[in-house]
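Start at 1 with the first residue, then count along the sequence. Note that the structure is predicted; figures quoted are calculated from it, not measured.
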Amino acid sequence: MKSKKMNLSYRIATIVMVLFVVTAQAQTQEGYLSKEDAIKLALEENFGIKIARNRVEIAKNNKSVLNSGYLPTLTGTAGATYSESNTTTSFPDGDRDGNPTPDVELNGAESQVYNGGVNLNYTLFDGLGRYYNYKSLKEQYDLSELQARETIENTMLQLFSVYFEVARITENQVVLDEAMQISTDRVTRAEYAFEYGQNSKLDVLNARVDATNDSILYMNSKQSLANAKRDLNVVLNQELTTLFTVDTTVNFTPMDQIEAYYEKVKDHNVTLLQNERNLAINAYDVKISRSGYLPSIGLTGSYGWNLNQNPASAFFPSQNQTRDNLQLGAALTWNLFDGGRTTTRVKNAKIALANQELTRSQLELEIERDIRNALEIYKNRLQVFKIQEQNVVTNQHNFNRSTAQFQLGRITSLEFRQAQTNLLLAQTNRNAAKYDAKLAELQLMQLLGQLLNIPY
């Protein structure tokens, strides 16, 4: 009986030690991924950010002078024609003496025609339509940059949501490691006490059950950590098997700094800034539509070259004819009445501008509400974190005293286990509260337009 008990205790201890060794070996093989390194990788490799940057490049190309309509158009033309003919010329009247004149035959007569030319068109004035269109394209480029910034901010939130999940589980594993060691020691102590008649078999069984439960919790936590790391590798566009450890330290932004950011929210919130760009674009659309009321003036120019190579005929020898031609012109076009289409476009553009102004007022109110909500959530979670920290201190004292009382036999194993469970719960709750508070801060910083400007 004694040998079986000792073997069971040894097996449990061996399982625990194997888990510790495997974990230690894995950690020595994993690289360290700091917050700064994670941000750098995301900015360089994240698919969403790459797509957003490509859209910015498209907008940059669109706002170029090459797409503005300010440059002339120049087209070139060239052609060649070849023909071959057979002709027979008859003289029915004969010569002066009345004798018939023989027919004149020309077989295989070849002729070639070559031509080439260039045409130039340039719009001097189009009612200022292209001027305002060029301005609008610049605003669209600025808008695309703001949209890319929004994508980056959302990616940063996604990144740290997963990064902090890895950090939380990592810290929880440390807590579970300690719990497993305590439970293993408790099994050993219970078995020795049972052998010497100091407790009952029930105490041994309870200790074994608790040790098994702690082992299961540890293994489940290990699986969750592996899943969270794969999620982070997806965000960073890395191989899913890449191993790393993360930074578990968290620093919070001082409240006075947050209040300073709040005063400048209209100048930094990306949603409000996008709305300002859309307002400018709509204002230019009105002016572009109005350009249809004005005339357009254009210049045209062309140069052509032509070469004709004609074969000999019955009356003329073969000949080559070369000709070149230069033309310049100007044209004024004024659409005096287009059936009201220009007027309709102007009216619709004005309505779109009015809608955009209404949208701005709505966004300002909604963002003000969101900031106030986010600030309250952040303050609440920060307070919860501080309370949880104090709760860990309290439960640690309680567990230390319970341990001393348990070793003296003054409390039961169930009472000791309750103290251990309370400490474990307090520690995991503190870890969760810490990262919940930090994520709430990051969400607040995004609304304040400072997410990309603060240390993480």
Task: Check: Thr123 side chain, Phe125 main-chain N or O, donor-acceptor pair, under 3.5 Å - done: no

Open item on the list: Distance alone, cut at 3.5 Å: any donor-acceptor contact between the side chains of Asn227 and Arg230?
Closed with: yes

Open item on the list: Could you check whether Asn154 and Gln446, counting side-chain N and O atoms only, form a donor-acceptor pair closer than 3.5 Å?
Closed with: yes

Open item on the list: Do Thr300 and Asn121 pair up side chain to side chain, a donor and an acceptor below 3.5 Å, judged on atom types alone?
Closed with: no

Task: Donor on one side chain, acceptor on other, Ser64 and Asn67, under 3.5 Å - done: no

Open item on the list: Among residues at least two apart in sequence or on other chains, which ones pass side chain to side chain contact (heavy atoms under 4.5 Å, CB included) with Thr155?
Closed with: Asn46, Ile49, Thr151

Task: Distance-only polar pair, side chains of Tyr378 and Glu441, donor-acceptor under 3.5 Å - done: yes

Task: Check: Val166 and Thr245 side chains under 4.5 Å, non-hydrogen atoms - done: no

Task: Heavy-atom donor-acceptor pair, Arg341 side chain to Asp338 backbone, under 3.5 Å - done: yes

Task: Pair Glu36 + Lys40: basic N to acidic O under 4.0 Å - done: no

Open item on the list: With no hydrogens and no angle check, just 3.5 Å: does a side-chain donor-acceptor pair link Gln274 and Arg277?
Closed with: no

- [ ] State whether Tyr163 and Lys35 meet the cation-pi test: NZ (Lys) or CZ (Arg) under 6.0 Å from the six-membered ring centroid, and within 45° of the perpendicular axis.
- [x] no

Open item on the list: Show, in sequence, the C-alpha distance, side-chain angles and deciding distance for Arg360 and Glu357, and conclude whether the salt bridge (charged side-chain N to carboxylate O under 4.0 Å, His left out) test is met.
Closed with: CA-CA 5 Å; Arg360 177 177 59 182; Glu357 291 174 344; 5.1 Å; no

Open item on the list: Checking side-chain polar atoms at under 3.5 Å, does Asn380 have a donor or acceptor matched by the opposite partner on Gln383?
Closed with: no

- [ ] Could you tell me whether Lys201 sits above the aromatic face of Phe194, with NZ or CZ closer than 6.0 angstrom to the six-membered ring centre and within 45 degrees of the axis?
- [x] yes

TODO: Check step by step if side chain to side chain donor-acceptor pair (under 3.5 Å) holds for Glu364 and Asn275.
DONE: CA-CA 10 Å; Glu364 289 177 350; Asn275 183 260; over 6 Å; no

Open item on the list: Using 0.5 Å steps for rounding, measure from the OH atom of Tyr293 to the CG atom of Leu128.
Closed with: 15.0 Å

- [ ] Before accepting this row, confirm whether a basic side-chain N of the pair Glu389/Arg430 lies closer than 4.0 Å to the acidic partner's carboxylate O.
- [x] no

Open item on the list: Between Asn206 and Asp210, do the side chains contain a donor N or O and an acceptor N or O under 3.5 Å apart?
Closed with: no

Open item on the list: Among Thr421, Thr394, Asn422, Ile182, exactly one meets side chain to side chain contact (heavy atoms under 4.5 Å, CB included) together with Phe399. Which residue is that?
Closed with: Ile182

TODO: Verify, without hydrogens or angle tests, whether Arg168 (side chain) and Ala432 (backbone) share a donor-acceptor contact under 3.5 angstrom.
DONE: no

TODO: Can you measure from CG (Leu273) to CG (Leu143) and round to the nearest 0.5 angstrom?
DONE: 10.5 Å

Open item on the list: Minimum heavy-atom separation for Ser413 and Asp203, please, with both atom names.
Closed with: OG-OD1, 3.4 Å

